[in-house]
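These notes concern the structure reproduced below.
Just so you know, these numbers come straight off a predicted model, no measurement behind them. Any value given below was found using the heavy atoms of this structure, including those in side chains, with hydrogens, waters and symmetry copies removed.
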Amino acid sequence: MFATYLIGLREGLEATLVVSILVAFLVKSQRRDRLPQVWSGVGLAVALSVLFGWLIEYTSTSLLARSEDRELFEAITSVAAVLFVTWMIFWMRRAARTIAGELRGKLTEALAVGSLAVAGMAFLAVIREGLETALIFYSAAQGAAGDSGPLLALIGGILTAVVLGVLLYASALRINLSKFFTWTGALLILVAAGILKYGVHDFQEAGVLPGLNDLAFDITGTLDPSTWYAALLAGMFNVTPAPTVLETIAWIGYAVPVLALFLRPARRKPAPTASTGTERLADTGTEAEAATAPQRA
């Protein structure tokens with residue numbers, strides 16, 4: 001359940017920060033009359049994300065009759081989820097320092113067009129996070145049919161993110177968002193490795209890949225699946241005591257190089273001779289804190 005909580009926390013905080021930046025900009029610009037359009041766009045994005053998640057689950061449980069088809073569908077969604085996770089964490093690492101300025105620029109253009117453009121801009125800013133969350137959650141929670149634990153963990157992560165976003169907006173909390181996204185990004189890479197491993201197993205179950213009975217190792221005697229720590233490792237990173245050779249290759253082949261690339265120190269640009277307060281915060285990876293904090297005259 002920790003994996004789904006982490007997904008909800010990470011994706012939820014990204015979406016919350018985006019909404020906070022938009023709201024803070026409208027408040028500062030004395031355009032509170034456009035706030036209802038922002039919330040309308042956000043609400044529609046959330047509703048469509050929930051519908052997308054339901055559609056994925058319905059397709060798997062009701063539309064696909066053969067078990068081989070369900071295994072293949074789950075395998076494909078797992079690979080898609082891994083691609084989304086990988087793209088998301090590297091995109092956030094690269095765009096974190098500029099996202100606030102880009103959003104303010106797009107919102108300025110939308111204000112000049114009209115209320116529908118404002119709602120559409122807010123919708124587009126949130127829908128990506130929502131669709132990613134639905135797809136990644138479905139892939140991470142596979143094998144937990146009938147268990148409400150993963151869903152409750154996801155909701156808990158999203159609620160935690162909303163609370164953190166509100167506190168950041170109110171300047172009641174200051175956290176180093178750069179370190180937060182680095183640590184959660186590293187953990188999500190391990191979660192994605194487990195999702196990929198699960199997807200490879202589904203491809204083997206569907207008969208697309210060979211080697212379903214070729215085990216890389218079997219440490220069931222040491223790592224008893226019935227113990228709490230084995231369940232924790234399986235739930236978080238899909239580490240199982242008897243994986244196949246292809247599953248093991250997929251897990252290691254993804255986790256090791258992607259972690260190395262993600263944790264590699266980024267090249268720092270030369271510091272400007274005269275920097276504003278916002279720029280100084282950006283240098284430490286916390287520009288979003290400045291962007292979401294209400295500014296007073």
Side-chain angles (χ1 to χ4, degrees), residues 1-8 10-11 45-89 127-155 157-158 188-216 225 231 233-240 242-255 258:
M1 289 192 296
F2 176 78
T4 53
Y5 176 84
L6 179 65
I7 292 168
R10 168 77 186 222
E11 296 283 350
V46 172
L48 287 181
S49 299
V50 173
L51 177 62
F52 177 67
W54 173 84
L55 182 60
I56 295 176
E57 180 67 20
Y58 181 75
T59 300
S60 176
T61 57
S62 301
L63 297 184
L64 301 176
R66 297 195 311 154
S67 60
E68 293 85 355
D69 294 335
R70 289 195 295 270
E71 297 290 349
L72 184 59
F73 177 78
E74 292 175 358
I76 293 173
T77 55
S78 294
V79 172
V82 171
L83 293 176
F84 271 118
V85 169
T86 308
W87 176 82
M88 177 261 294
I89 58 178
I127 189 64
R128 179 180 62 85
E129 307 292 344
L131 296 181
E132 284 179 4
T133 301
L135 181 59
I136 298 169
F137 168 72
Y138 171 79
S139 300
Q142 287 180 27
D147 184 4
S148 60
L151 178 59
L152 294 177
L154 178 76
I155 295 174
I158 293 174
L188 275 179
I189 288 173
L190 297 179
V191 171
I195 293 175
L196 180 61
K197 175 177 173 290
Y198 195 100
V200 169
H201 182 80
D202 281 337
F203 275 126
Q204 292 177 313
E205 290 276 4
V208 176
L209 291 177
L212 180 60
N213 298 315
D214 297 332
L215 300 182
L233 286 174
M236 288 176 59
F237 310 124
N238 200 21
V239 174
T240 54
T244 67
V245 173
L246 284 181
E247 287 179 62
T248 305
I249 292 174
W251 200 99
I252 297 175
Y254 173 86
V258 175

Taking the side chain as everything from C-beta on, heavy atoms only, tell me whether Leu209 gets closer than 4.5 Å to Leu246. yes

Quick test of your reading of the model: are Arg70 and Glu74 salt-bridged, counting only N-O distances below 4.0 Å? no

For the backbone of Ala206 and the side chain of Glu68, can you confirm whether one donor and one acceptor N or O come within less than 3.5 Å of each other? no

In the structure I gave you, are the side-chain heavy atoms of Phe237 and Val191 within less than 4.5 Å of one another anywhere? yes

Taking only residues two or more places apart in sequence or in another chain, which ones pass side-chain contact (heavy atoms from CB on, under 4.5 Å) with Leu51? Leu48, Trp54

Distance, nearest 0.5 Å, that separates CZ of Phe203 from CG of Leu212: 14.0 Å

Counting only N and O atoms by type, is there a donor-acceptor contact under 3.5 Å from the side chain of Ser139 to the main-chain atoms of Leu135? yes

I need the Phe137 CZ to Ile155 CD1 distance, nearest 0.5 Å. 8.0 Å

Can you tell me how far the CD1 atom of Ile7 sits from the CD1 atom of Ile195, to the nearest 0.5 Å? 5.5 Å

Within a reach of under 6.0 Å around CZ of Phe84, are more than 12 heavy atoms found that belong to other residues, nucleotides or ligands? no

Rounded to the nearest 0.5 angstrom, the OG-CD1 distance for Ser78 and Ile136 is 11.5 Å

Shortest non-hydrogen contact from Phe73 to Ile56? CE2-O, 3.6 Å

Asp69: partners by side-chain contact (heavy atoms from CB on, under 4.5 Å), with sequence neighbours left out: Leu64, Arg66

How long is the gap from CD1 on Ile89 to CD1 on Ile189, to the nearest 0.5 Å? 3.5 Å

Which pair of heavy atoms, one from Tyr254 and one from Leu196, lies closest together, and at what distance? CB-CD2, 3.7 Å

Check Ala45 against Ile127 and note the closest heavy-atom contact, atom names and distance. O-CD1, 3.5 Å

Nearest atoms (heavy-atom pairs only) where Lys197 meets Pro243: CE-CB, 3.7 Å

Could you measure the distance from the CD atom of Glu129 to the OG atom of Ser49? Nearest 0.5 Å is fine. 9.5 Å

Report the C-alpha separation of Leu188 and Met88 in whole Å, then their side-chain angles, then the decisive distance to 0.1 Å, and conclude whether the side-chain contact (heavy atoms from CB on, under 4.5 Å) test is met. CA-CA 10 Å; Leu188 275 179; Met88 177 261 294; 3.9 Å; yes

Distance-minimising heavy-atom pair for Ala192 and Val82: O-CG2, 3.4 Å

Would a distance-only check, ignoring hydrogens and angles, find a side-chain to backbone donor-acceptor pair under 3.5 Å from Trp251 to Asn238? no

